Trainee: 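Pasting in a structure now, in structure tokens, and then I'll have a few things to ask.
The figures that follow rest on heavy atoms only: side chains count, while hydrogens, waters and symmetry mates do not. Throughout, protein chains are lettered first and strands after them, A, B, ... in sequence-line order, and every chain is numbered starting at 1. These figures come from a predicted structure and were not determined experimentally.
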Amino acid sequence: MTDAVVLGWQQRIRDAAASGRPLRIRGGGSKDFYGQEPVGELLDTTPLAGIVDYDPTELVLTARAGTPLAEVERVLADAGQMLAFEPPHFGPGATLGGTVAAGLSGPRRPYAGAVRDLVLGTRILDGRGTELAFGGRVMKNVAGFDVARLMTGALGTLGVLLEISLKCQPLPKAVTVRVLECGAAESLRLTCGWAAQPLSLAGTCHVDGRLVVRLAGAAPAVAAAAARIGGSAWPEGDALFASLREQTHPFFAAAGGPGRALWRLAVKPTAPYADLGGAQLIEWGGALRWLDLDAGADPQPLRAWAASHGGHATLFRGGDKAAGVFQPLDETLLGLHRRLKANFDPQGILNRGRLYPGL
Amino acid sequence: MLDSAVSSRLAALLPPEAWLTADEDTRAYECDGLTLYRTRPAAVALPETEAQVVAILRQCHQARIPVVARGAGTGLSGGATPDAGGVLLSLAKFRRILAIDPESQTAVVQPGVRNLAISEAAAAHGLYYAPDPSSQIACTIGGNVAENAGGVHCLKYGLTVHNVRRVRGVLIDGSTVEFGGDALDAPGYDLLALINGSEGLLAVITEVTVKLTPKPLLAQVALASFDDVGRAGLAVSAVIGAGIVPAGLEMMDRAATRAVEAFVHANYPLDAQAILLVESDGTPEEVAAEMAEIKRVLAASGATAIRVSTDEKERLLLWSGRKAAFPAVGRIAADYICMDGTIPRRTLPQVLARIDEFSHRFGLACANVFHAGDGNLHPLIMFDANVAEEAERAEAFGAAILELCIEVGGTITGEHGVGIEKIRQMCTQFRPDELTSFLGVKAAFDEHGLLNPGKAVPTLHRCAEFGKMHVHRGALPHPELPRF
Ligand SMILES: Cc1cc2nc3c(=O)[nH]c(=O)nc-3n(C[C@H](O)[C@H](O)[C@H](O)COP(=O)(O)OP(=O)(O)OC[C@H]3O[C@@H](n4cnc5c(N)ncnc54)[C@H](O)[C@@H]3O)c2cc1C
């Protein structure tokens, strides 16, 4: 079942391991900006494409890593299903493999789960060029450690993804978007209160003194929830959430501009609103806060603030990556990361340093 | 037996009543829910603070003594079976609920807190902890995380791994570590996913933050009868294919419903070859609409009768039979083993037919209970350990089912874990390279293999031995050991 493309990659990995020269794994390149600077010789995953198996009644799709994300979404939509974690594309070429490696989820994440929640299995090449399969194509599987989920969000530092099985979900029957005028603190109070009730939430966004809420599910439940949260109908509908997912919303256009840095702060949703020195856009019912700062802003206060609220800060776009993109790990966690990296990629050739220096 | 110097150093770390070595005291810990494996541990430690756990692990690490963590001991794969030369570390005294935070819909609990106790404590806020294993009145959250436990509501609300935010634990060298956090993701590798389902091999869990879910306003369950097991299996796919994700979708065959009726009187139709329980929850309007759709699909799939619960009392009654299935079978059979494979849903009819064939071939009865929506099978193989060869036949029957699960593209365990019970089939499901990789993950956390040794992941050497054992069936090494 190993095809010519994979055989070729195995040889390249073995050569790279022998020479110690790193490989830079890349799908559509839509997430080149994310993480520490990629280094090494290009390993292009797009030749390994195609949906391997999809049966809507199983709610499982299996596809090769280089399959365009857009193709996966189209096939699912034709069958009335979706990837509920709403992965951002960030460009036309986004692949399924890059989506899983980057581990990023969109506006629906708090309500439908993250990428890792829906990954059921992966087939990979490790840093020795050995083909390995973890997890599977079934909903429940506890045989062996959950390495399939470990690969999710590892930014390709533990293996080259070959094939991925994901759980799919039916598209909601009804979607409604509401808007309320309020400040950030009030918005947080409202969204935390709503999250404790059965309200069909499917996305929240606070920016520029406005809280926009998306509700999705069965039509009667969505109507009841809309009445419950009040406000008024949002004329743009779902398009706003598409612009958050793809960061085409004006907030992100400004934050991604020259001399700016876009910070991503993932925190406990109840963390109070804090002035962190720049404009904020709040998603995920308070659990995700985007911050537009000067490129030269000191990361320390942000990291400290996020940590004090149970979370972490990431330099998402722009700014100075030399100071580190991701929140530093404590000694014990770093030790575990190093030893896991050594297990999967002993020569340290796969996406060297993309996640943390030395990994 | 522990070296006496080591033993006294360990004993000094705990109050006298929390360090047990006498035979009559350690006996209570000799097995978990898989009772056919029994081993007395050299000692049982009952710490009540994390500092004590750290001190014990550090000592054991230094002296290279194996440690087996234990919650309530309800595990069904032998995961908490003690090591004869090691310490059995019970987390039973860690039973405090540290915080319930309705604002962030989370609870912070110690590992020995019972699954159901979390929902009970959260109820005042209209919240509950969604994963509901049938053992939920007894099993602990630490054990749930270690096994990535599931329940009848996991189809819609996810498994343990989907409902845990943060796990605090102690590594074998005594260092404390936190996986995940209060945010929805954490930096670096997803070690939180890795610790779920790690069967006590990677760290001792000392604290867990779980996600709580708002209680639905209403829940209703439909009971559908079928005159053919295969048709019931197809109805399961039809429900999912119609875009419905029920709150629960369970199936029982006739052998199971008969056993249950004699035990709890859940009012199940005894003439049906199989029944499905399909639950819908949400707002009253939502449930009404979804239930109408469920009934339509079930009828179109050939259900011979459909009954929908009209109040909470009736709903609980209909579920009581499903929840009591294991003990009910325990009453009609001298012994039984519960298998736990998962298969692609579409292969249900084919797999059920094969299990029926096996039942005839091995001459043993089998009752089938499934988390059908997830394709997770629980065939209960009935036998009598006192009848010569029956235990061996039951084991062979079970092995045939597991191999069938692998053959149709499934897995040998959906929620009960590998433990020692399925360690042999790990050699079939995974290739040597994959097992080596698992062993590398283990070594990254526990270089000397001291935490729960011999469980979950076989060494290649053991797989080779098993291979030999298969060939030389007539002359098993150590015939005195039970083989389940
Ligand atoms: C009647 C019955 C019905 C059941 N139904 C279900 C079901 O529906 N779904 C399901 O998933 N399971 C079910 N089970 C199996 C069992 O209840 C679960 O596996 C449960 O999660 C075990 O919890 P426990 O506290 O009893 O753990 P134990 O049996 O004590 O331990 C299980 C494993 O977890 C490890 N462990 C325990 N605590 C810790 C800790 N603090 N740190 C590190 N490791 C730890 C142990 O070493 C062992 O490997 C059922 C069992 C019975 C007897």
Trainee: Please classify the contact between B:Lys442 and chain A as side chain, backbone, both or neither, with a heavy-atom cut-off of under 4.5 Å.
Mentor: both
Trainee: So does A:Glu163 pair up with A:Arg137, basic N to acidic O under 4.0 Å?
Mentor: yes
Trainee: What residue, out of B:Leu155, B:Leu212, B:Leu202, B:Ile244, has the most heavy-atom pairs lying under 4.5 Å from chain A?
Mentor: B:Leu202
Trainee: Which residue out of B:Pro102, B:Pro187, B:Gly241 racks up the most heavy-atom pairs below 4.5 Å with chain A?
Mentor: B:Pro187
Trainee: Between B:Val418, B:Ile240, B:Val177, B:Asp185, which shows the greatest number of heavy-atom pairs under 4.5 Å with chain A?
Mentor: B:Asp185
Trainee: Specify which of B:Gly181, B:Ser437, B:Ala443 makes the most heavy-atom pairs with chain A at under 4.5 Å.
Mentor: B:Ser437
Trainee: Output yes when B:Asp433 and A:Arg128 qualify as a salt bridge under the 4.0 Å nitrogen-oxygen rule, no when they do not.
Mentor: no
Trainee: If we define contacts as heavy-atom pairs under 4.5 Å, which of B:Lys211, B:His125, B:Glu290, B:Arg431 has the most with chain A?
Mentor: B:Arg431
Trainee: Is any side-chain heavy atom of B:His371 closer than 4.5 Å to a side-chain heavy atom of B:Val152?
Mentor: yes
Trainee: Can you check whether A:Pro56's main-chain N or O pairs, donor with acceptor, with A:Gln81's side chain at less than 3.5 Å?
Mentor: yes
Trainee: Counting only non-hydrogen atoms closer than 4.5 Å, does B:His416 touch chain A with its backbone (N, CA, C, O), its side chain (CB onward), both, or neither?
Mentor: backbone
Trainee: Residues in disulfide bond (SG atoms under 2.5 Å apart) with A:Cys168, at least two apart?
Mentor: none
Trainee: What residue in B:Ile343, B:Thr283, B:Thr342 has the most heavy-atom pairs under 4.5 Å with chain A?
Mentor: B:Thr342
Trainee: With only heavy atoms counted, which part of A:Leu340 is less than 4.5 Å from chain B, the side chain, the backbone, both or neither?
Mentor: both
Trainee: Does the pair B:Arg346/A:Asp53 count as a salt bridge with the N-to-O cut at 4.0 Å?
Mentor: yes
Trainee: Please classify the contact of B:Leu192 with chain A as side chain, backbone, both or neither, using a heavy-atom distance under 4.5 Å.
Mentor: both
Trainee: Identify all side-chain donor-acceptor contacts of residues 105-112 of chain A below 3.5 Å with residues at least two apart in sequence or on another chain.
Mentor:
| from | atom 1 | to | atom 2 | distance (Å) |
| --- | --- | --- | --- | --- |
| A:Ser105 | OG | A:Val115 | N | 3.1 |
| A:Arg109 | NH2 | B:Leu184 | O | 3.2 |

